[in-house]
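Below: one structure, written as structure tokens.
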2 protein chains.
Amino acid sequence: MRARVKILDVFSGRYSVFISEEEAKKAKLHPDDLVKVESGKKTIYGSLVISNLVGSGEIGVSKDVLQLHSLSEGEVVTVTPVGTPESVRYIKKKMHGEKLRKVEIEAIVRDIVDRKLRDIEISSFVTALEINGLDMDEIAALTVAMAETGDMLDIDRKPIMDVHSIGGVPGNKTNILVVPIVAAAGLTIPKTSSRAITSAAGTADVVEVFANVSFSLDEIKRIVEKVGACLVWGGALNLAPADDITIKSERALSVDPPGLMLASIMSKKYAMGSQYVLIDIPTGKGVKVETMEEARSLARDFIELGKRLGQYVEVAITYGGQPIGHTVGPALEAREALSALMTGKGPGSLIEKATGLAGILLEMGGVAPAGMGKKMAKEILESGKAWEKMKEIIEEQGGDPNIKPEDIPIGDKTYTFTAPTSGYVTWIDNRAITGIARAAGAPEDKGAGLELYVKVGEKVKEGDPLFTIHAESEARLDQAIVFARRTEPIRIEGMVLQRIGNI
Amino acid sequence: MRARVKILDVFSGRYSVFISEEEAKKAKLHPDDLVKVESGKKTIYGSLVISNLVGSGEIGVSKDVLQLHSLSEGEVVTVTPVGTPESVRYIKKKMHGEKLRKVEIEAIVRDIVDRKLRDIEISSFVTALEINGLDMDEIAALTVAMAETGDMLDIDRKPIMDVHSIGGVPGNKTNILVVPIVAAAGLTIPKTSSRAITSAAGTADVVEVFANVSFSLDEIKRIVEKVGACLVWGGALNLAPADDITIKSERALSVDPPGLMLASIMSKKYAMGSQYVLIDIPTGKGVKVETMEEARSLARDFIELGKRLGQYVEVAITYGGQPIGHTVGPALEAREALSALMTGKGPGSLIEKATGLAGILLEMGGVAPAGMGKKMAKEILESGKAWEKMKEIIEEQGGDPNIKPEDIPIGDKTYTFTAPTSGYVTWIDNRAITGIARAAGAPEDKGAGLELYVKVGEKVKEGDPLFTIHAESEARLDQAIVFARRTEPIRIEGMVLQRIGNI
């Protein structure tokens, strides 16, 4: 059928195409059928909704479509039903345990990006990957296909460095220090980050406290060619869009098939043109990777995948058993990160990790001799050069380079938990810490989060403050207090953990 | 949030719950989030749509919801976000190859019926079943859970017989003869059938040509207690609703995991209270089950599952290599079936199969001595008693018992294909025959379909008519002709298939 477009004020989380009951009957179409909408060279696939919100001769489109496609009110389009996409056969092949060929993986990724595959098919693909896995040939093909079906950055500076943490540790503002240190040494590092998904603050959420993070690829190119670095939100870009779509199924099923995780991370690095990539694998209780053995196996896969993609990859296995630094939540973390850059000083866990990672990158990029990277990174941080570079980045990203950390507003509704007993801090529960910060309103409420006064191994006396919750509203503060009481975020025990009697 | 219900004229194929942008922001809700709508004792789960079609203090619900739930305009409800349902953990267990416990299967089925699980989770479950399968304990638990989460029929007549064909053969109007034969012998047979999904006519589509097929369970009880039988559409009932929801994923992925297929069929028989069930497994090229070995293995599974459910199951493996009878399409098949009942005569394939199946049921039900069922079925058919019973069924189902087969209107736009050469019919392609009938408009256009003049093994001369396509419009007729020309529905070859020269 041919019809005029009507833009409907609807966000359904999918591309919805509305037609009237009469037209649906005529064309024998049913709700949720896959249809193709064509106009000139544009082709958009969507899910059918039958509704008399549109008249005959009209089709409605949900605003979801407009996020990537230009369709205008009144534009004349053709709507036709679409059968089962060919790529469903390849998903079935993977279900049945067969290895997929490069062209088959490309077809699946292309159809995901085109929205020709929807929740049912994508979830089936994710499930088949969780069960039957992917070998390195398949992962490499998936990575390249994911990158090439999206936008790619081409920066006229070499070498391009990159750093990525696979995440899971609360308070991990490390890369906000790493990026300016590396750039201050003359290397190029166009860093994209995510917003928090299940954490209390993604790097992008933290940076957004003092600078803009949403830029087009052209703007990023300009910024990076000028100051050598950026700290932006990857989600504002069309980098490896298949990954952003697939993640919905992974999250609903709470699975993260290893091959898909590798492709997800490395496709974005590939799309950014990164040549030297450092992967940070936080390891410890309460993060994604709990044992050194798993961490080493994953590290080998990253390095191998990098080789297939023509990237030089190194991996740092870092301690992820407790939060990094003393703050969790966007504004609190922004304060801590900026203060460390400004003064060259800060919590040991933050300074050590940041200079450690930056040092590896300096060696990878050939500006520090082997074994001297960390020392050089520390000098750059302490000399104020990293802070100078950070000010350039902030200015290019539309923030105030004269910002003072203490001027950043934080939640003024606070509550402090104290030690119920004297003893040693034996464990800090990452998941509980994240949960408290989220209950307090992070990451949406920028000022929400918590400040930790103790770390594992420290001695505390009964009544000593352990942590303060910050929230922007009393209601949120109460929620966070309730959550904190239900969990055991910080465990304190006597030094003698167990006393065995006279045997 | 509390809000007033606004019924939106929208069918989206899911339970959609609309809230305004402002409310969504306030509650931190995103498109497609799972939400719970509560009003008194009612709880409905739906997918969030963000839209200013509703104001603040209002929630919109799509009409899909009203098909099973009563919600009225202006009713005040509470809307709350819902986390990941517990049953997702059990789906993951199946992904990881573990056996599911009865309570875990029950939780999955309950959440499917409650719409707490949506496309992503259900598709993952189907995929995990396709890969890892179910054992007989799991299948039995799934069958009972599917039946018990829907409505169940309790008929005050014993024994209750049932017959089911797993399908795939075009023109299979057999059960329209079997049901009245069995009921005429005094047995009770409340037969529910499906409409065509991928075929040209389901039994319900054919019966609908001369009687109503949509009844409530109470009406069915009344009809069956009065005349001993019915021929109704199962889809109008709330029998094993989890199956109707799951089938959407199976169809999109074109998979049919064996355990799920068994549970799907047997849960509906269980819900109908059937005690003696005959399963017809058409076997041959171009149907679901292609080899005798597969058919026998499936037969064993049906019988074993029946034992677990307390049902006595027998299986008939029938020839499915070509269409049954001479007609395909609702009205054409209705004519052929009614004519066979009226006269006791008809195409050999139809009469043989119908009396064969009916005979087994007569023996299972104890009204015919072993080995005598088929003879008795034939007598009932030829004596006109089956026709008398059919007239009672038609009358109870609101049709005209004095109907004459030749009065049933069939598509008057016709085109006849003739034999391009002389020879023997060596093969009739079931899938092509179905495709032609569907291209002609079946099953929606009741008069569309085709009439076959030849069957496998028959001798034809060049120019002899092979089949006539019937359609209700020229456009549809043309489509069917084009489709028929692209395929090879009937293959004719000389008796000597290959001549090997002088060796």
Side-chain angles (χ1 to χ4, degrees), chain A residues 8-14 16 18-21 24-25 28 30-34 47-54 60 62-64 84-85 88-89 91-92 94-97 117-132 248-255 257 441 444-445, chain B residues 8-14 16 18-21 24-25 28 30-34 47-54 60 62-64 84-85 88-89 91-92 94-97 117-132 248-255 257 441 444-445:
Chain A
L8 294 176
D9 186 8
V10 161
F11 286 94
S12 55
R14 53 179 58 76
S16 294
F18 291 65
I19 69 170
S20 69
E21 248 179 287
K25 211 170 168 189
K28 294 188 183 177
H30 305 281
D32 220 26
D33 278 356
L34 178 66
S47 300
L48 202 75
V49 175
I50 297 179
S51 169
N52 292 329
L53 293 173
V54 293
S62 66
K63 284 196 175 165
D64 311 78
T84 304
V88 170
R89 284 211 297 126
I91 294 174
K92 278 176 73 174
K94 180 47 71 183
M95 268 188 230
H96 298 145
L117 297 178
R118 295 177 294 169
D119 283 351
I120 289 180
E121 296 87 4
I122 295 170
S123 167
S124 178
F125 184 52
V126 168
T127 303
L129 294 189
E130 175 73 11
I131 302 176
N132 288 329
K248 183 184 169 195
S249 291
E250 294 180 76
R251 214 176 300 161
L253 302 169
S254 68
V255 298
E444 289 87 355
D445 296 351
Chain B
L8 294 177
D9 186 7
V10 161
F11 287 95
S12 55
R14 53 178 55 78
S16 295
F18 291 65
I19 70 170
S20 69
E21 249 179 283
K25 209 169 168 189
K28 293 187 185 181
H30 304 282
D32 221 26
D33 278 356
L34 179 65
S47 301
L48 201 75
V49 176
I50 297 178
S51 168
N52 292 329
L53 292 172
V54 295
S62 66
K63 284 196 175 165
D64 311 77
T84 304
V88 170
R89 284 212 296 127
I91 294 174
K92 276 176 74 173
K94 181 46 75 183
M95 266 189 232
H96 298 145
L117 297 178
R118 295 178 292 169
D119 283 350
I120 288 179
E121 296 86 4
I122 295 170
S123 167
S124 178
F125 184 52
V126 168
T127 302
L129 295 188
E130 175 73 11
I131 301 176
N132 289 330
K248 183 185 168 195
S249 291
E250 295 180 73
R251 214 176 299 158
L253 302 170
S254 66
V255 299
E444 288 88 354
D445 296 350

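Here is how names work: the chains are called A, B, and so on, in the same order as the sequence lines, proteins then strands, and each is numbered from 1. Side chains are part of it too, since the values below use all heavy atoms of this structure and drop only hydrogens, waters and symmetry mates.
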Listed by chain and number, what are the salt bridge (Lys or Arg N to Asp or Glu O under 4.0 Å) partners of B:E444, not counting sequence neighbours? A:K28
My understanding is that only residues two or more places apart in sequence, or in another chain, count here; which of them pass salt bridge (Lys or Arg N to Asp or Glu O under 4.0 Å) with A:R251? none
In terms of heavy-atom proximity below 4.5 Å to chain B, should A:N132 be classed as side chain, backbone, both, or neither? side chain
Region of A:T84 in contact with chain B, defined by heavy-atom distances below 4.5 Å: side chain
Heavy-atom pairs under 4.5 Å with chain B: which of A:E130, A:E121, A:K92, A:H96 has the most? A:K92
Count the heavy-atom pairs under 4.5 Å between each of A:N52, A:L8, A:I91 and chain B, then report the option with the highest count. A:N52
Contacting moiety of [X], where chain A heavy atoms sit under 4.5 Å:
X      : value
B:S254 : both
B:V10  : both
B:R14  : side chain

Atom pair CZ/CG of B:F11 and A:L48 - distance to nearest 0.5 Å: 12.5 Å
Rounding to 0.5 Å, atoms NZ (A:K248) and NE2 (B:H30) come to a distance of 13.0 Å
What are the two closest heavy atoms between B:P31 and A:G13, and how far apart are they? CB-N, 3.4 Å
Could you point out which residue of A:I120, A:D119, A:V126, A:L253 forms a side-chain contact (heavy atoms from CB on, under 4.5 Å) with B:S124? A:L253
Among B:I50, B:V255, B:L53, B:D33, which has the most heavy-atom pairs under 4.5 Å with chain A? B:I50
Kindly say whether B:V49 contributes a backbone atom to a donor-acceptor pair with the side chain of A:S12 at under 3.5 angstrom? no
